[in-house]
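The structure appears below as C-alpha cells.
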Amino acid sequence: MSDYPIDITVTPEVKAFFDEATNTISYVVKDPASSHCAVIDSVMDIDYAAGRITYDNADEIIAYVQDNGLTVDWLIETHVHADHLSAAPYIQQKLGGKIGIGEQITTVQDTFGKVFNEGTEFQRDGSQFDALFVDGDTYKIGNLEAVALYTPGHTPACMTHVIGNAAFVGDTLFMPDGGSARADFPGGDAGVLYDSIMKVLSLPGEMRLFMCHDYAPGGREIQWETTVAEEKANNIHVGEGKSKEDFIKFRTERDATLDMPKLIIPSLQVNMRAGEIPTDKDGKPMLKVPLNGL
Ligand SMILES: [Fe+2]
C-alpha cells in the first residue's frame with residue numbers, strides 16, 4: 001500500500017443515503033477543508049413492472065448538496081452495478097461534476113453490448129464517462145486527493161476509492177457479518193475477488209470502510225461503516241484463518257445457489273451507459289429483455 005498516495009490523517013465528512021428498495025448506500029464525501037464533495041454510487045428509482053423511472057433518491061442527495069452549499073467535483077461509480085440504476089447523469093445535470101469509473105468498463109461494455117445485441121452506435125470505449133481510472137490514479141475533491149485502487153473480482157471494472165481515511169469499497173466487501181459479494185457475473189472471478197479483498201485489507205487498520213450494500217443479516221439494523229481492522233478480524237468469508245482456497249470453494253458453491261438480482265436487466269443497460277437511459281430508433285427511452293441471454 002505504500003505505493004499509493006494515501007493520507008490517513010485527513011478525515012473527510014461522509015453522509016450516507018440508504019435506498020430501501022435495493023439495499024444500496026450512496027454517499028456524499030466532503031473535503032474537510034473546502035465545500036467540495038463527491039457523490040458515490042447514486043441511485044435512480046425504478047418501478048420495473050410499470051416501466052417507470054423516478055428520482056426521489058437522487059433528489060434527496062441534490063437537496064443535501066444544495067442545503068449545505070456544496071460543489072460536486074465528481075460522481076463516482078465503484079462499478080457497473082447489477083442491482084440498481086445509477087442517477088449520475090441526473091445529478092450531473094443539476095449540480096455538475098465529472099462521472100468516473102474504472103477503465104475496465106470497456107470489458108463490461110463489450111460483454112453486455114453482445115448480450116443486449118447493441119448496435120454499432122453503442123460505443124464500447126468508455127466514452128460515455130468523463131473519466132476512466134486505472135490502478136493508482138488520483139483525482140481532486142477540492143484540496144483532497146482521492147486514489148482509485150483496482151479491485152476486480154465481483155466485476156472486471158470494480159475500483160475501491162480511498163479518500164483520506166475513508167475507503168469506498170463498492171461490492172468488494174460487505175460488513176463483517178455479511179462477508180463478500182458474489183463473483184459469478186460475466187467477468188467475475190472468486191480468486192481475483194479474494195486478492196482484491198486482501199488488497200483492501202492491506203490498508204491501515206484504522207481506515208474507515210464504507211459499503212455499497214447491506215442486507216442486515218440476522219435481522220440487525222442496517223449498517224454501512226466498519227474498519228480494515230474489524231474486517232480482518234471478523235469477516236465471515238475472509239477474516240482471520242480463512243484461506244484463499246476455502247474462499248474460492250465457498251464463494252463458487254454459494255454463487256451457484258443465488259438468483260439473478262431483480263433489476264439486473266435494466267441496471268446493466270443503463271449503467272454501462274454511465275446512467276443514461278437507452279433509446280429506440282425513434283429516440284424514445286426503451287429497455288430490452290434478452291431471452292435466455294444472461
Ligand atoms: Fe455490484
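First listed ligand is number 1; within each ligand, the first listed atom is number 1.
Considering all non-hydrogen atoms of both residues, Glu118 and Arg124 come closest at O-NH2, 2.9 Å.
Counted by atom type alone, His79 and Asp171 present one or more donor-acceptor pairs between their side chains at under 3.5 Å. Residues Asn271 and His81 have side chains that never bring a donor and an acceptor to within less than 3.5 angstrom of each other.
Counting only protein N, O or S atoms, 3 lie closer than 2.8 Å to the Fe ion (ligand 1).
In the hydrophobic clustering of ILVMFWY residues, with side-chain heavy atoms under 4.5 Å counting as a link, Phe247 and Phe174 come out apart.
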Which side-chain N or O atoms in residues 58-71 pair as donor and acceptor under 3.5 Å with protein atoms at least two apart or in another chain?
{"residue": "Asp59", "atom": "OD1", "partner": "Tyr90", "partner atom": "OH", "Å": "2.6"}
{"residue": "Asn68", "atom": "ND2", "partner": "Tyr64", "partner atom": "O", "Å": "2.8"}

Hey, mind stepping through Phe168 and Trp74 against ring-ring contact (aromatic ring centres under 6.0 Å, His included) and telling me if it holds? CA-CA 14 Å; Phe168 298 84; Trp74 287 93; over 10 Å; no
